Amino acid sequence: MSTAATHRPAKLQLLELLAAIGTAQWRDFAAAAARYGLTSTQAKVLAQLEGPVPMRGLASLLACDASNVTGIVDRLEARGLVRREPEPRDRRVKNVVATDEGRETMRRVREEMQATHGALDTLDEAEGAALYALLERLRPAMERRPEA
């Protein structure tokens with residue numbers, strides 16, 4: 001059994017490790033996005049569009065002002081990667097939706113994240129399954145939004 005498996009790491013050690021991995025993954029994501037002419041922020045917006053997302057919702061996800069999102073979405077829309085649609089229940093609200101081309105571009109970006117893929121390839125099947133289970137367990141708490 002390895003030394004790492006025999007002691008419980010301090011929470012600070014876990015936080016530092018998560019931050020280092022998150023930073024490396026973000027750098028890899030940004031480099032792959034750049035190969036498709038996307039800024040990291042544009043790619044982040046595109047990655048959030050599993051379904052329709054209101055403009056204000058994107059601003060919240062990006063932790064920025066709604067006016068910043070308008071310019072980002074304008075540029076993605078000009079490239080045919082997203083479109084705006086009125087919200088059926090409130091036509092004043094505009095949802096942003098990824099186009100087929102936008103979804104395909106995001107698939108390619110994720111596919112070309114070579115450093116991330118290489119790191120994950122070092123895990124055997126059981127380690128990959130264990131990591132997935134742990135990350136799935138952490139995800140809901142990490143994605144929970146603080147009440148305003």
Side-chain angles (χ1 to χ4, degrees), residues 4 8-123 125 127-148:
R8 180 184 172 115
K11 197 179 289 185
L12 182 57
Q13 290 173 300
L14 291 171
L15 289 169
E16 289 172 353
L17 189 55
L18 281 171
I21 290 169
T23 298
Q25 187 272 341
W26 178 251
R27 191 171 36 246
D28 195 25
F29 178 76
R35 290 192 285 277
Y36 289 90
L38 295 169
T39 67
S40 56
T41 303
Q42 289 170 337
K44 185 175 182 181
V45 165
L46 205 49
Q48 299 297 320
L49 300 177
E50 297 296 321
V53 178
M55 294 283 285
R56 287 204 179 279
L58 283 174
S60 176
L61 288 168
L62 296 172
C64 71
D65 191 78
S67 62
N68 293 341
V69 173
T70 301
I72 296 164
V73 171
D74 285 346
R75 288 184 284 284
L76 290 170
E77 192 171 38
R79 291 188 50 191
L81 301 175
V82 303
R83 68 180 177 276
R84 289 178 174 95
E85 296 179 347
E87 168 62 44
R89 294 177 301 270
D90 184 350
R91 299 191 65 78
R92 296 169 297 176
V93 174
K94 296 295 182 210
N95 287 326
V96 181
V97 179
T99 62
D100 289 343
E101 184 179 350
R103 284 188 292 279
E104 176 62 15
T105 299
M106 188 48 42
R107 185 194 64 75
R108 288 180 181 167
V109 166
R110 288 182 174 132
E111 192 175 85
E112 291 186 22
M113 294 174 62
Q114 296 166 1
T116 303
H117 284 279
L120 292 172
D121 287 344
T122 67
L123 302 176
E125 190 174 334
E127 290 168 331
L131 178 61
Y132 185 85
L134 290 169
L135 293 173
E136 276 291 302
R137 191 165 148 204
L138 290 176
R139 186 177 187 171
M142 297 292 293
E143 289 183 339
R144 208 171 293 131
R145 304 271 184 262
E147 298 298 319

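Note that this is a predicted model, so its numbers are computed, not measured. Count residues from 1 along the sequence.
- The list of side-chain hydrogen bond (donor to acceptor under 3.5 Å, both in side chains) pairs with a residue in residues 64-77, not counting sequence neighbours, reads D65-S67, D74-R84, E77-R84.
- For the pairing with P54, the side chain to side chain contact (heavy atoms under 4.5 Å, CB included) check across V93, V96, D90 returns one residue only, V93.
- Using a 4.5 Å heavy-atom threshold, the side chains of P86 and K94 count as touching.
- Contact annotation: the side chain of R79 never approaches that of T105 to less than 4.5 Å [non-hydrogen atoms, C-beta and beyond].
- Closest heavy-atom contact between V53 and Q48: CG2-O, 3.8 Å.
- A distance-only check finds a donor-acceptor pair linking the side chain of T122 to the backbone of A119 [under 3.5 Å].
- Between L46 and A98, the shortest heavy-atom distance links the atoms CD1-CB, 4.3 Å.
- Atom CZ of R137 is surrounded by 12 or fewer heavy atoms from other residues, nucleotides or ligands within 6.0 Å.
- No hydrogens or angles considered: a donor-acceptor pair under 3.5 Å links the side chains of N95 and E87.
- When side chains are defined from C-beta on, L61 does not count as touching V45, because their heavy atoms never get closer than 4.5 Å.
- Within the structure, ring pair (Phe, Tyr, Trp, His ring centres under 6.0 Å) contacts touching residues 62-120 (residues at least two apart or in different chains) do not occur.
- Residues R110 and A47 come closest through the heavy atom pair NH2-CB, 3.3 Å.
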I would like to know whether E104 and R107 meet salt bridge (charged side-chain N to carboxylate O under 4.0 Å, His left out); could you show each step before the answer?
CA-CA 5 Å; E104 176 62 15; R107 185 194 64 75; 2.6 Å; yes

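- Proximity of I72 to T39: side-chain heavy atoms (C-beta onward) are nowhere separated by under 4.5 Å.
- Legend: ring pair (Phe, Tyr, Trp, His ring centres under 6.0 Å) pairs involving residues 27-86, not counting sequence neighbours, sorted by first then second residue: W26-F29.
- With a 6.0 Å radius and a threshold of 12 heavy atoms from other residues, nucleotides or ligands, E125 has its CD atom at or below the threshold.
- Considering every non-hydrogen atom in both V82 and V73, the closest pair reads CG2-O, 3.9 Å.
- Heavy-atom minimum distance, V69 versus C64: CG2-SG, 3.8 Å.
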